[in-house]
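Let me begin by presenting the structure, written as structure tokens, before commenting on it.
All values below come from the heavy atoms of this structure, side chains included, with hydrogens, waters and symmetry mates left out. Given the structure is predicted, the values throughout are model-derived calculations rather than measurements.
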Amino acid sequence: MPEAPLEALETLTTRGTLAFNAKYPEGIPSEYCGQSPSLAENGVRYYSWSGQSAYTNVFDPADAALLLFSKTFSGKNDGLVSACSSHLGQVIGTHYKMNHLDEVNHFVGIHHLFDTDPLTLYRQHGERLNNLGL
């Protein structure tokens, strides 16, 4: 299948996300900022967690841009996604002092010095799935 980078970016817009969610509704809460069960009707488990701090570490070169982007949101967000929009399935939490890139451990693991390390969340989630036999 040929790559289509511009079309891929369209899926990240509000319109693109709404279209995707309409096509694949599993795990999406029935109300904005809500949560749904971890086990969906399709047999897949859905979990989510996110941060709500765009600027997290003075040494992180991406924080300034994420802080700027965060100003386009009216509520708590990680610099690219609102905390409530990140809800999918069982919500582990949206209170972490992480930005969008911290959540995926970019920039050599630079994150907030006094909050949860993203690697800890990944380890905990691995344990959660392991305890479920997955």
Side-chain angles (χ1 to χ4, degrees):
M1 179 171 212
E3 294 181 20
L6 294 179
E7 287 84 357
L9 286 175
E10 172 61 27
T11 66
L12 300 177
T13 66
T14 299
R15 183 177 65 209
T17 301
L18 291 172
F20 181 88
N21 290 348
K23 188 173 181 178
Y24 305 102
E26 297 82 11
I28 297 173
S30 59
E31 60 186 41
Y32 185 69
C33 216
Q35 68 175 313
S36 57
S38 63
L39 183 60
E41 291 179 15
N42 64 356
V44 175
R45 291 192 178 271
Y46 294 90
Y47 299 90
S48 59
W49 59 270
S50 66
Q52 60 177 337
S53 300
Y55 194 85
T56 59
N57 191 308
V58 68
F59 298 110
D60 190 335
D63 279 18
L66 290 171
L67 181 61
L68 182 64
F69 286 134
S70 75
K71 303 300 180 192
T72 64
F73 293 90
S74 60
K76 295 179 180 179
N77 66 83
D78 65 5
L80 293 178
V81 177
S82 71
C84 287
S85 293
S86 73
H87 288 200
L88 184 68
Q90 180 182 337
V91 179
I92 306 303
T94 58
H95 61 283
Y96 301 103
K97 293 179 182 172
M98 296 179 194
N99 62 41
H100 199 77
L101 298 179
D102 295 339
E103 295 159 5
V104 292
N105 207 38
H106 276 267
F107 290 107
V108 199
I110 297 173
H111 57 84
H112 196 283
L113 295 175
F114 306 109
D115 199 57
T116 306
D117 184 331
L119 294 179
T120 300
L121 292 174
Y122 283 105
R123 285 186 196 104
Q124 289 172 344
H125 192 59
E127 290 173 13
R128 179 180 298 109
L129 297 175
N130 185 54
N131 291 338
L132 291 169
L134 302 173

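Scored by the side-chain contact (heavy atoms from CB on, under 4.5 Å) test, Ile92 finds Tyr47, Trp49, Gln90, Tyr96, Arg128 as partners (sequence neighbours excluded). Partners of His95 according to the side chain to side chain donor-acceptor pair (under 3.5 Å) rule, which considers only residues two or more places apart in sequence or in another chain, do not exist here. For Tyr55, there are no side chain to side chain donor-acceptor pair (under 3.5 Å) partners at least two apart in sequence or on another chain. Every side chain to side chain donor-acceptor pair (under 3.5 Å) that Arg45 has, sequence neighbours left out, goes to Ser38. With sequence neighbours excluded, the residues satisfying side-chain contact (heavy atoms from CB on, under 4.5 Å) with Ser53 are Thr56, Lys97. In this view, Leu68 satisfies the side-chain contact (heavy atoms from CB on, under 4.5 Å) rule with no residue, not counting sequence neighbours. Every residue two or more places apart in sequence or in another chain was checked for a side-chain contact (heavy atoms from CB on, under 4.5 Å) with Ser36, and none qualifies. Legend: residues meeting salt bridge (Lys or Arg N to Asp or Glu O under 4.0 Å) with Glu10, ordered by chain and number and at least two apart, are Arg15. Considering only residues two or more places apart in sequence or on other chains, His100 meets the side chain to side chain donor-acceptor pair (under 3.5 Å) condition with Asp78.
The disulfide (SG to SG under 2.5 Å) pairs that include a residue from residues 9-128 are Cys33-Cys84, where partners are two or more places apart or lie in different chains. For the side chain to side chain donor-acceptor pair (under 3.5 Å) condition, no pair includes a residue of residues 17-31, sequence neighbours left out. For residues 100-134, no residue pair satisfies the disulfide (SG to SG under 2.5 Å) rule, not counting sequence neighbours.
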